[in-house]
Each structure stands twice: as structure tokens, then as C-alpha cells.
**Q** 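First the structure, which I've put down as C-alpha cells, then a few questions once you've had a look.
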Amino acid sequence: MDVDVLVIGAGAVGLAIAASFASAGRDVIVLEAADGIGTQTSSRNSEVIHGGMYYPTGSLRHRMCVAGRRKLYAYLEVRGVPHQKRGKLIVAASESEMRKIEAIHATGLKNDVENLELISGQEAMAWEPALRCTAALWSPETGIVDSHGYMLALQGEIEDHGGVIAFNTPVVRIEPLAPDGYRVMTGGAEAGAITCRRLVNSAGLYAQRVAQGIEGYDPALIPKLVLAKGNYFGCTAKPAFSRLIYPAPVDGGLGVHVTLDLAGRLRFGPDVEWLSTTDPAEVDYRVDPTRSALFYDAIRQYWPGLPDNAITPDYSGCRPKLSGPGEPAQDFRIDGPELHGHAGLVNLFGIESPGLTSSLAIAEDVRRRLAN
Ligand SMILES: Cc1cc2nc3c(=O)[nH]c(=O)nc-3n(C[C@H](O)[C@H](O)[C@H](O)COP(=O)(O)OP(=O)(O)OC[C@H]3O[C@@H](n4cnc5c(N)ncnc54)[C@H](O)[C@@H]3O)c2cc1C
């Protein structure tokens with residue numbers, strides 16, 4: 001075998017997996033189609049370190065988020081990666097939203113999320129005078145991170161342990177070998193092949209396509225891909241909040257929220273724009289300025305003082321969802337040999353939010369599944 005562990009995709013999740021194997025003394029190569037780390041979803045998100053209170057108890061999203069968050073704060077501290085534990089308020093503006101945040105609180109307690117607290121509207125508005133709400137759920141463990149700094153730290157960890165990231169190296173086809181291992185065919189300027197004992201498909205939006213390229217892999221085990229774009233708007237007004245402010249969640253997302261970057265600037269989004277294409281290459285990442293009307297309406301529910309003309313189109317990302325509008329939200333899929341029967345192989349599907357927060361826990365889970 002050319003290498004023990006081969007990881008496809010150098011986003012936050014693929015890098016975390018590769019770093020975990022490399023620091024455990026494994027020989028690791030990451031193959032990345034683009035010319036740098038984290039050029040897709042890992043650089044098109046809110047950079048929020050999530051608490052873990054939204055996800056059904058016992059789901060992978062719950063377990064990976066809570067464990068991943070704890071690991072991530074410790075990792076960022078040790079590696080000196082910029083981050084801030086600013087905390088977040090999930091606000092209710094009506095009776096029905098009040099019931100939603102009470103349900104999130106109850107799930108959060110079951111999910112072992114630390115220090116959650118339901119507070120009155122008066123208390124929340126005393127903390128954040130620009131806010132209007134009738135009640136709020138306070139999550140002090142929520143924070144923000146410099147996601148690129150985090151990925152650079154993972155890249156450093158991989159390389160310090162002798163691992164390699166090969167850029168401009170798209171995987172096009174995979175052939176299982178007997179009695180075990182894989183031959184991975186790559187395209188790009190220097191097409192070639194590389195053999196490995198363990199293989200991890202962490203190709204994000206392209207994970208289904210990579211899985212379709214594995215000879216003999218049961219197509220019935222490849223979940224459908226549904227794309228849901230998330231648009232962001234920047235804010236030219238003076239920052240009105242020092243904590244993250246989220247409304248009650250909506251179908252497909254967490255609602256148009258206020259996040260802050262590390263410099264304290266406000267940013268709004270993401271919304272949920274379901275796409276009709278299932279081809280990630282067809283996603284148009286430009287933000288349609290006419291969506292600002294929806295943003296003003298959503299944000300003024302909890303920030304009535306948002307001035308006119310204060311928001312401008314910024315960037316967007318795309319969620320690799322496994323279910324469509326109106327369908328129940330799906331869990332992360334970490335499909336190992338126990339599911340598909342191919343020794344040494346893990347396919348990751350549907351790693352949308354909170355994938356960044358979960359990345360170090362997903363890495364540990366994948367390493368455990370491929371321990372033998
Ligand atoms: C709008 C939005 C907001 C979000 N906000 C948050 C948040 O605040 N907090 C949070 O925790 N999570 C958030 N997420 C989720 C988080 O961004 C993702 O879960 C995470 O970035 C996924 O990382 P990844 O490595 O799986 O995928 P990616 O970052 O997409 O990486 C996949 C990599 O695989 C490469 N690749 C694809 N095909 C091939 C191939 N054939 N050969 C080689 N390489 C290939 C790609 O080039 C890419 O670099 C958000 C997501 C979205 C869309």
C-alpha cells in the first residue's frame with residue numbers, strides 16, 4: 001500500500017480526521033480537488049461554535065456537537081486560534097415562539113448542554129438594549145471561531161506528523177482491492193492512482209458523487225442530496241449587540257440570526273433557499289440583493305431599530321442536506337463497514353451545521369470505526 005489512511009477532502013472535517021490519524025502515528029494523505037484548504041462549505045458558514053441544544057437527543061448531530069464543542073475550545077486554546085465565547089440569546093417574540101424556546105431548553109438539558117438558562121424579556125433587553133423579545137434562552141457556551149485559523153492549525157498538525165495534503169487532486173474513481181484496501185484514481189493535471197488501506201470520503205457537497213465512484217458500492221446506501229443555499233448580509237450600522245442573537249428556528253435552518261465576527265462586526269443570516277439543482281457545481285454563490293426585504297422583516301422582529309439601507313449582500317454557503325423542504329431533518333451519516341460491508345471505508349454524508357463545531361468529535365468517531 002502507498003499509504004495507510006487516505007482522506008478525500010480538505011475541509012474542516014477531512015482535515016480534523018486526517019490530523020487525528022496523523023497524530024495517532026498513522027501514515028496519512030489528504031487528496032483535495034481545489035488548490036487550498038477549506039475553499040468550500042468550511043469557508044462559507046457562520047463560524048459559530050454551537051452549544052448542541054437543537055438536535056434530537058442521542059442523534060449524531062447532538063453527540064458530535066456537544067463532544068466536538070468541548071474538544072474544539074480546548075484545541076483552539078492550546079493552538080492559539082482566535083475564538084470568543086460570547087454566548088447567544090435565542091429570542092421569542094410570541095407565545096408560539098416561547099413554546100419553541102422552551103422545547104429547545106428541554107432538549108438542551110437532556111443533551112447535557114451546560115449552563116442554559118431561560119430568562120425574561122426584561123432581563124434579555126437589559127443585557128442587549130437594542131433587542132425586543134418576550135423571553136429568551138441564554139446559551140453561554142456558544143462562541144465564534146476563526147475557521148480558517150482552525151483549519152490552518154489542523155493542516156500544521158497533519159504536516160508536523162509527516163502527513164501530506166495533495167492539492168489540485170480530484171478523486172474520480174475508487175477500486176476496492178483484494179483482500180483489502182483501495183486503489184484511488186485521481187484526475188487533474190497529473191492523473192494518477194494511489195493505494196491505501198483505510199479510506200475516508202469527506203468530500204462535503206460531493207460526497208455522494210465520490211461514493212457513486214466506488215466500484216461495487218450499493219447505490220441504495222447512497223442518500224439523496226438536497227441543496228439549500230444560505231445567504232448572508234453584512235451590516236453597515238454600528239454594532240448593536242455584543243452577543244449572538246437567534247430567533248426561534250425555522251424549517252431547514254436556525255432562522256436569520258445575528259452573528260458577530262471576531263472584530264465585533266454584525267452579520268445576518270443564513271436564510272434557507274432550497275435549490276432545484278442537485279449538482280453542487282451549479283450553485284451560484286452570488287447573493288441576490290432583492291432578498292434583503294426578507295432579511296429586514298426577519299431581523300426587525302427582534303431588532304426594530306435596524307436602520308433602513310443598513311444591510312448589504314455579503315456571501316453565501318450551501319448545505320449538503322439529506323432531506324427536502326417540509327421533510328423531517330436528517331441526522332449526519334457516518335457510514336462505516338458495519339453498514340456497507342467494505343472494510344476500512346467510511347463515507348460521510350449530510351455534514352451540514354453543526355459540522356464545523358463537531359469536526360474533532362467526528363474525527364475521533366471515524367478513527368474508532370477504522371481502528372482495525
Ligand atoms: C450556510 C451555512 C452555515 C453554517 N454555519 C455553521 C456554523 O456556524 N457552525 C458549525 O458548526 N457549522 C456550520 N455549518 C456547517 C459547516 O460549515 C460544515 O458542516 C463543514 O464546513 C463541513 O466541512 P466538510 O469538510 O465536510 O466539507 P467542505 O468544507 O465542503 O470540504 C469538502 C472538501 O472536499 C473537496 N472535494 C470534493 N470533491 C472532491 C473530490 N472528488 N476529490 C478531492 N476533493 C474533493 C472539496 O474541494 C472541499 O474542499 C454551516 C454550513 C452552511 C452551509
Side-chain angles (χ1 to χ4, degrees), residues 6-18 29-52 54-55 61 64-65 68-69 72 88 142-145 147-148 150-151 154 165-174 184-188 200-214 227-232 244 246 252-254 256-257 259 267 269-273 275 280-281 283 285 287 314-321 332-334 347-363 366:
L6 197 146
V7 178
I8 304 170
V13 176
L15 291 170
I17 294 166
I29 293 184
V30 183
L31 300 183
E32 169 52 56
D35 58 3
I37 57 169
T39 60
Q40 292 201 343
T41 311
S42 296
S43 57
R44 296 176 165 278
N45 57 61
S46 306
E47 300 190 293
V48 171
I49 302 174
H50 284 293
Y54 292 103
Y55 318 108
R61 284 169 100 191
M64 297 296 124
C65 183
R69 165 171 54 78
L72 186 57
K88 117 172 164 182
T142 304
I144 48 175
V145 56
S147 57
H148 196 69
Y150 169 51
M151 290 190 280
L154 293 169
I165 307 176
F167 295 110
N168 302 306
T169 312
V171 169
V172 290
R173 201 162 56 79
I174 296 157
V184 177
M185 263 65 76
T186 60
V200 182
N201 169 9
S202 183
L205 293 164
Y206 290 87
Q208 277 85 343
R209 194 170 293 180
V210 167
Q212 283 154 7
I214 304 172
L227 300 176
K229 189 173 160 187
N231 298 282
Y232 291 87
L244 309 183
Y246 281 53
L254 299 183
V256 171
H257 45 261
T259 59
R267 169 162 80 190
D271 61 357
V272 181
E273 181 186 352
L275 303 182
V283 177
Y285 284 103
V287 175
D314 200 344
Y315 64 99
S316 72
C318 188
R319 306 170 179 90
K321 285 192 172 287
F332 289 162
R333 290 257 308 253
I334 306 178
N347 281 312
L348 297 168
F349 298 115
I351 311 295
E352 51 152 323
S353 193
L356 181 64
T357 309
S358 305
S359 50
L360 292 174
I362 294 176
V366 169

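Counting starts at 1 for both ligands and their atoms, in listed order.
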**Q** Nearest to atom 34 (O) of ligand 1, what protein heavy atom do you find, and at what distance?
**A** G9 CA, 3.2 Å
**Q** Is there a side-chain contact between L205 and V283 in this structure, where contact means two heavy atoms from C-beta onward sitting under 4.5 Å apart?
**A** no
**Q** May I ask which of I8, V13, V184 has a heavy atom nearer to atom 26 (O) of ligand 1 than the others do?
**A** V13
**Q** Once you restrict to heavy atoms under 4.0 Å, what part of H50 touches ligand 1? Side chain, backbone, both or neither.
**A** side chain
**Q** With respect to atom 18 (C) of ligand 1, which of I351, I362, I37 exhibits the smallest heavy-atom separation?
**A** I351
**Q** For ligand 1, which atoms have a heavy atom of A12 less than 4.0 angstrom away?
**A** 25 (O)
**Q** If we ignore hydrogens and angles and just use 3.5 Å, is the side chain of T357 paired with the main-chain N or O of H50 as donor and acceptor?
**A** yes
**Q** For atom 47 (O) of ligand 1, grab the closest protein heavy atom and report residue, atom and distance to one decimal in Å.
**A** E32 OE2, 2.6 Å
**Q** Determine, using heavy atoms of G38 and all atoms of ligand 1, whether some pair is separated by less than 4.0 Å.
**A** no
**Q** Tell me the nearest of M151, R209, R44 to atom 2 (C) of ligand 1, using heavy-atom distances.
**A** R44
**Q** Below 3.5 Å, N or O to N or O, backbone or side chain included: is there any such pair between E352 and ligand 1?
**A** yes
**Q** If you measure from each non-hydrogen atom of C318 to ligand 1, which part falls under 4.0 Å: side chain, backbone, both or neither?
**A** backbone
**Q** Where is the nearest protein heavy atom to atom 43 (C) of ligand 1: which residue, which atom, and how far?
**A** A33 N, 3.3 Å
**Q** Are any of the side-chain heavy atoms of T41 and I351 separated by less than 4.5 Å?
**A** no
**Q** Students should be able to answer this: which protein heavy-atom is nearest to atom 50 (C) of ligand 1, and at what distance?
**A** N45 CB, 3.4 Å
**Q** Answer side chain, backbone, both or neither: which part of Y232 comes under 4.0 Å from ligand 1, heavy atoms only.
**A** side chain
**Q** For T169, which part has a heavy atom under 4.0 Å from ligand 1: side chain, backbone, both, or neither?
**A** backbone
**Q** Counting non-hydrogen protein atoms only, what is the nearest one to atom 23 (O) of ligand 1? Give residue, atom name and distance.
**A** S42 OG, 3.2 Å
**Q** Got an N/O contact under 3.5 Å between T357 and ligand 1?
**A** yes
**Q** Note the single closest protein heavy atom to atom 13 (C) of ligand 1, along with its residue, its atom name and the distance in Å.
**A** S353 OG, 3.5 Å
**Q** Looking only at N/O atoms, are S358 and ligand 1 under 3.5 Å apart anywhere?
**A** no
**Q** Among all protein non-hydrogen atoms, which one is nearest to atom 16 (C) of ligand 1, and what is the separation to 0.1 Å?
**A** L356 N, 3.8 Å
**Q** Distance to 0.1 Å, residue and atom name: give those for the protein heavy atom nearest to atom 9 (N) of ligand 1.
**A** V48 O, 2.8 Å
**Q** Check this for me - ligand 1, V210, N or O atoms closer than 3.5 angstrom, yes or no?
**A** no
**Q** N/O to N/O below 3.5 Å, does that happen between V171 and ligand 1?
**A** yes
**Q** Go through it in stages, so that I can follow the logic: the residues are Y150 and S359, the test is side-chain hydrogen bond (donor to acceptor under 3.5 Å, both in side chains), and I'd like the CA-CA distance, side-chain angles, deciding distance and then a yes or no.
**A** CA-CA 11 Å; Y150 169 51; S359 50; 2.7 Å; yes
**Q** From atom 30 (O) of ligand 1, work out which of T186, V172, L244, T41 has a heavy atom at the shortest distance.
**A** T41
**Q** Does ligand 1 have a heavy atom under 4.0 Å from the side chain of A203, from its backbone, from both, or from neither?
**A** both
